[in-house]
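This is the structure I have questions about; it appears just below.
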Amino acid sequence: MAGQRILLIQGHPDAVTPHLCHTLAEAYAEGAEAAGHEVRWTDVARLDFPLLRSQQAWEHGELPPALQSAQDDIAWAEHLVLFFPLWLGDMPALLKGFLEQVARPGFAFTAEGGNPFGRKGLTGRSARVVVTMGMPALVYRWYFRAHSLKSLERNILGFVGIAPVNETLVGMVDKLGEAGVTKWQGKMRALGRAAS
């Protein structure tokens with residue numbers, strides 16, 4: 001079986017201090033590369049781009065030059081893996097701003113017939129979303145119904161044709177300890193080997 005083309009999107013907004021999201025992404029990459037998959041990285045915190053402030057800018061503005069290689073890597077990838085911490089019940093604002101910028105008309109979707117969103121531009125790609133959080137993952141999934149994660153899967157990834165989308169929720173991160181982190185690294189390496 002030929003290796004997959006995998007893009008890891010690091011969505012933690014802190015580019016200075018390593019966090020669990022970085023550790024998990026590195027473990028996923030280790031597993032993927034050991035299995036012969038080709039891996040590329042996009043570290044959102046290291047990109048300099050403005051936030052979109054109008055529909056006009058989104059539909060007709062130019063993609064910021066700093067995001068061209070990220071958009072090219074998304075087009076290249078067969079499987080995307082997004083890593084981010086849950087902040088105030090959602091992805092960090094910087095990651096949301098990144099996704100708004102790269103998922104533009106003409107790239108993420110194009111008009112077809114009378115429908116401006118008629119053709120999804122990123123079909124044929126799968127994704128995994130890895131979310132770290134302080135609360136127990138089961139509380140987020142069942143009590144809060146993973147509302148922000150479902151929104152990401154349906155309104156962003158699914159909207160542009162990425163499917164299937166799988167998820168990994170890592171809860172109680174402050175209580176994991178070294179053994180817990182090691183266990184999650186093993187899980188990430190296994191997912192990386194499987195390009196899942």
Side-chain angles (χ1 to χ4, degrees), residues 5-16 19 21-22 25 40-133 135 140-141 143-169:
R5 298 189 305 272
I6 302 172
L7 175 62
L8 304 183
I9 299 175
Q10 179 54 256
H12 199 296
D14 186 352
V16 178
H19 294 273
C21 284
H22 300 97
R40 291 185 185 176
W41 293 78
T42 293
D43 189 343
V44 175
R46 298 189 183 280
L47 301 173
D48 184 20
F49 60 90
L51 297 178
L52 283 167
R53 297 183 180 270
S54 70
Q55 181 178 347
Q56 174 73 14
W58 180 66
E59 290 179 347
H60 305 291
E62 294 293 321
L63 179 72
L67 297 181
Q68 186 60 62
S69 64
Q71 202 179 64
D72 292 345
D73 286 343
I74 292 169
W76 164 87
E78 296 170 293
H79 183 64
L80 294 88
V81 189
L82 289 84
F83 297 85
F84 63 87
L86 192 71
W87 282 11
L88 294 176
D90 208 340
M91 72 180 87
L94 189 66
L95 178 58
K96 178 72 162 49
F98 167 82
L99 294 172
E100 289 173 355
Q101 282 281 15
V102 296
R104 287 172 174 261
F107 172 72
F109 55 88
T110 54
E112 190 170 75
N115 184 351
F117 309 111
R119 191 180 67 77
K120 299 171 188 279
L122 298 176
T123 57
R125 290 162 183 79
S126 57
R128 175 167 295 277
V129 181
V130 180
V131 186
T132 62
M133 61 193 72
M135 74 176 84
Y140 175 67
R141 184 181 300 281
Y143 182 78
F144 292 104
R145 300 189 186 277
H147 65 281
S148 57
L149 182 56
K150 297 303 177 196
S151 177
L152 168 63
E153 292 173 359
R154 179 185 61 244
N155 300 341
I156 299 175
L157 302 176
F159 183 73
V160 300
I162 297 173
V165 178
N166 294 301
E167 55 199 43
T168 300
L169 305 180

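Start at 1 with the first residue, then count along the sequence. For clarity, every value in this text was computed on a predicted model and none was experimentally measured.
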(request) Specify the closest pair of heavy atoms between Leu94 and Ala45, including all atoms of both residues, with the distance to one decimal. (result)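 Scanning both residues completely, I find the closest heavy atoms to be CD2-CA, 3.8 Å.
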(request) Could you pull out the closest heavy-atom pair between Phe49 and Gly97, with the gap in Å? (result)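 Taking Phe49 first and Gly97 second, the nearest heavy atoms are CE1-C, 3.7 Å.
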(request) Drop me the distance from Leu7's CG to Thr42's OG1, to the nearest 0.5 angstrom. (result)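 Going from the CG atom of Leu7 to the OG1 atom of Thr42 covers 4.5 Å.
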(message) Once you measure the plane-to-plane angle for Phe159 and Phe109, does it fall in the parallel (<30°), tilted (30-60°) or perpendicular (>60°) bin?
(response)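 Perpendicular.
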(message) Closer than 3.5 angstrom, by distance alone: can the side chain of Arg125 be matched with the main-chain N or O of Ala75 as a donor-acceptor pair?
(response) yes
(message) How close do Phe84 and Leu152 get, counting heavy atoms only, and between which atoms?
(response) CE2-CD2, 3.9 Å
(request) Look at atom CG of Asn155 and say whether more than 12 heavy atoms of other residues, nucleotides or ligands are closer to it than 6.0 Å. (result)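 Yes, because the 6.0 Å sphere around CG of Asn155 holds more than 12 heavy atoms from other groups.
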(message) So does Leu63 get a backbone contact from the side chain of Gln68, meaning a donor-acceptor N/O pair under 3.5 Å?
(response)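 No; judged by distance alone, with no hydrogens or angles, the pair does not exist.
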(request) Output yes when a side-chain donor or acceptor of Trp58 lies under 3.5 Å from a complementary backbone atom of Pro105, and no otherwise. (result)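 Looks like no, no N/O pair under 3.5 Å.
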(request) Report the relative orientation of the aromatic rings in His12 and His19; use parallel for angles under 30°, tilted for 30 to 60°, perpendicular for over 60°. (result) parallel
(message) For Phe83 versus Gln10, what's the shortest heavy-atom pair and its separation?
(response)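 So the two residues come closest at O-OE1, 3.6 Å.
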(request) Identify the heavy atoms of Gln101 and Pro64 that sit nearest to each other, and give their distance. (result)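 Where Gln101 meets Pro64 most closely, the heavy atoms are OE1-CD, 3.3 Å.
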(request) Drop me the distance from Leu8's CG to Asp73's CG, to the nearest 0.5 angstrom. (result)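 Result: 10.5 Å between the selected atoms.
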(request) With rounding to the nearest 0.5 Å, note down the distance linking CE in Met135 to CG in Leu169. (result)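 Here the rounded value is 10.0 Å.
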(request) Using atom types as modelled and distance alone, determine if a side-chain donor or acceptor of Arg40 lies under 3.5 Å from a backbone N or O of Ala77. (result) no
(request) Quick one: pull up CG in Asp72 and CG in Leu67 and give me the separation to the nearest 0.5 Å. (result)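 Output value for this atom pair is 10.5 Å.
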(request) Compare every heavy atom of Leu86 with every heavy atom of Ser148, then report the nearest pair and how far apart it is. (result)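 Heavy atoms of Ser148 and Leu86 come nearest at OG-CD1, 3.8 Å.
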(request) For residues Leu82 and Met91, determine if any side-chain heavy atom of one lies less than 4.5 Å from a side-chain heavy atom of the other. (result)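 Not in contact.
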(request) With salt bridge (Lys or Arg N to Asp or Glu O under 4.0 Å) as the test, would you mind laying out the steps for Glu167 and Lys150 before giving the verdict? (result) CA-CA 10 Å; Glu167 55 199 43; Lys150 297 303 177 196; 3.5 Å; yes
(message) Strictly distance-based, threshold 3.5 Å: is any side-chain N or O of Arg104 a donor or acceptor partner for the main-chain N or O of Val102?
(response) no
(message) If we check side-chain contact (heavy atoms from CB on, under 4.5 Å) with Val129, which of these qualifies: Leu149, Val81, Leu80, Ile9?
(response) Leu149
(request) With rounding to the nearest 0.5 Å, note down the distance linking CG in Leu47 to OG in Ser69. (result)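 One gets 7.0 Å once the value is rounded to the nearest 0.5 Å.
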(message) Distance check, rounded to the nearest 0.5 Å: Ile6 atom CD1 versus His79 atom NE2?
(response) 6.0 Å
